[in-house]
Amino acid sequence: MKKLILSLLIGGLMMTGLSANPETPSTDSGNTGSVAFVYFSATGTTERMAKNAAKEMGADIFEIQPLHKYTNSDLNWHDKKSLSSIECNDPKSRPAIKSIVSNSGDGNSASVTSGAFDISSYDTVVVCYPIWWAYAPKILYTFIESQNWSGKKMITLCTSGGSGLGRSGSNLAKFAKGVDFKGGKDFTRGSGADVKNYIEGLLQ
């Protein structure tokens, strides 16, 4: 009788071990691979869009911080001599980046990355920015040209006062050698869930 009980216990333990296989791979229903959001925001509008989207997707998010923080006068599009106007009208302008900050997306914790920040850990990079005079701010070109895009996918999202994405995304992609540019969209309006659905649709 004791031998029978012992055999049953051993058999039960073996079956339990088989059913709880720790090597069973998890499934990703979105099938998007690893995604990072990288954004530049001068007034906070693009920042809100990017953080909401990254939180919805559970993605890492990074902020491009300029060496020179733009003031209201710098952003005055009525003034042809304002800093942003001068930069946008100069094809060779590449404003300096002070740092790239890693943020969890909830606004509570942030740490400055090293100067060697790169996108090598991600399959897809979602680049977010405001539209200035129908273009992406030139600091985005500084970032794009500093990275190795070979084998990477890029999606561009913007916020705009009315001109929309235009060719800003495809123009940036021209400077990202080796990139697979998937497309882009204006998300001045729309929820994080809307952005998530859009991105997953592009990556299917």
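Numbers here are sequence positions counted from 1.
Residues passing the side chain to side chain contact (heavy atoms under 4.5 Å, CB included) test with L67, sequence neighbours excluded: A96, K98. For the side chain to side chain donor-acceptor pair (under 3.5 Å) test, residues two or more places apart in sequence or in another chain that qualify with D194 are S191. Qualifying side chain to side chain contact (heavy atoms under 4.5 Å, CB included) partners for S73, counting only residues two or more places apart in sequence or in other chains: T71. In this structure D123 satisfies the side chain to side chain donor-acceptor pair (under 3.5 Å) test together with S34, sequence neighbours excluded. Not a single side chain to side chain donor-acceptor pair (under 3.5 Å) links S146 to another residue, sequence neighbours left out. With sequence neighbours left out, the side chain to side chain donor-acceptor pair (under 3.5 Å) criterion links S121 to no other residue. Checked against side chain to side chain contact (heavy atoms under 4.5 Å, CB included), Q147 has the following partners two or more places apart in sequence or in another chain: F117, D118, I119, F143, W149.
Closest non-hydrogen pair, S168 versus A134, comes out as CB-O, 4.4 Å. Across all non-hydrogen atoms, the minimal contact from L75 to W133 is O-CH2, 4.2 Å. Residues T156 and G169 approach most closely at OG1-CA, 3.4 Å, considering heavy atoms.
Applying the salt bridge (Lys or Arg N to Asp or Glu O under 4.0 Å) test to every pair with at least one member in residues 129-154, sequence neighbours left out, gives these pairs: R94-E145. Sorted by first and then second residue, the ring-ring contact (aromatic ring centres under 6.0 Å, His included) pairs with a member in residues 184-204 read F187-Y198; sequence neighbours excluded. Note on residues 160-185: pairs passing ring-ring contact (aromatic ring centres under 6.0 Å, His included), not counting sequence neighbours, are Y141-F175. Screening residues 177-187 for salt bridge (Lys or Arg N to Asp or Glu O under 4.0 Å) gives D180-K182 as the qualifying pairs, with residues at least two apart or on separate chains. Sorted by first and then second residue, the side chain to side chain donor-acceptor pair (under 3.5 Å) pairs with a member in residues 80-90 read Y70-E87, S82-S85; sequence neighbours excluded.
Interatomic distance, I131 CD1 to T45 OG1, rounded to the nearest 0.5 Å: 13.0 Å. Expressed to the nearest 0.5 Å, how far OG1 of T188 lies from CG of L157 amounts to 10.5 Å. Atom CG of L202 is separated from atom CD1 of I155 by 5.0 Å, given to the nearest 0.5 angstrom. To the nearest 0.5 Å, atom CD of residue E47 and atom CZ of residue F40 are 11.0 Å apart. To the nearest 0.5 Å, the span separating OH on Y135 from OG on S163 amounts to 10.5 Å. Rounding to the nearest 0.5 Å gives a distance of 15.0 Å between CD1 of I97 and NE2 of H68.
P95 pairs in a side chain to side chain contact (heavy atoms under 4.5 Å, CB included) with only one of the listed residues (L140, I139, L83, I64), which is I139.
A donor-acceptor pair shorter than 3.5 Å can be found between the side chains of T46 and T159.
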**OP:** Could you give me the CA-CA distance, side-chain angles and deciding distance for Y39 and M49, then say whether side chain to side chain contact (heavy atoms under 4.5 Å, CB included) is met?
**Re:** CA-CA 9 Å; Y39 73 91; M49 180 269 287; over 6 Å; no
**OP:** May I have the step-by-step check of side chain to side chain contact (heavy atoms under 4.5 Å, CB included) for V38 and Y129, ending in yes or no?
**Re:** CA-CA 9 Å; V38 179; Y129 52 87; over 6 Å; no
**OP:** Could you walk me through whether E56 and V195 pass side chain to side chain contact (heavy atoms under 4.5 Å, CB included), step by step?
**Re:** CA-CA 9 Å; E56 187 71 29; V195 177; over 6 Å; no
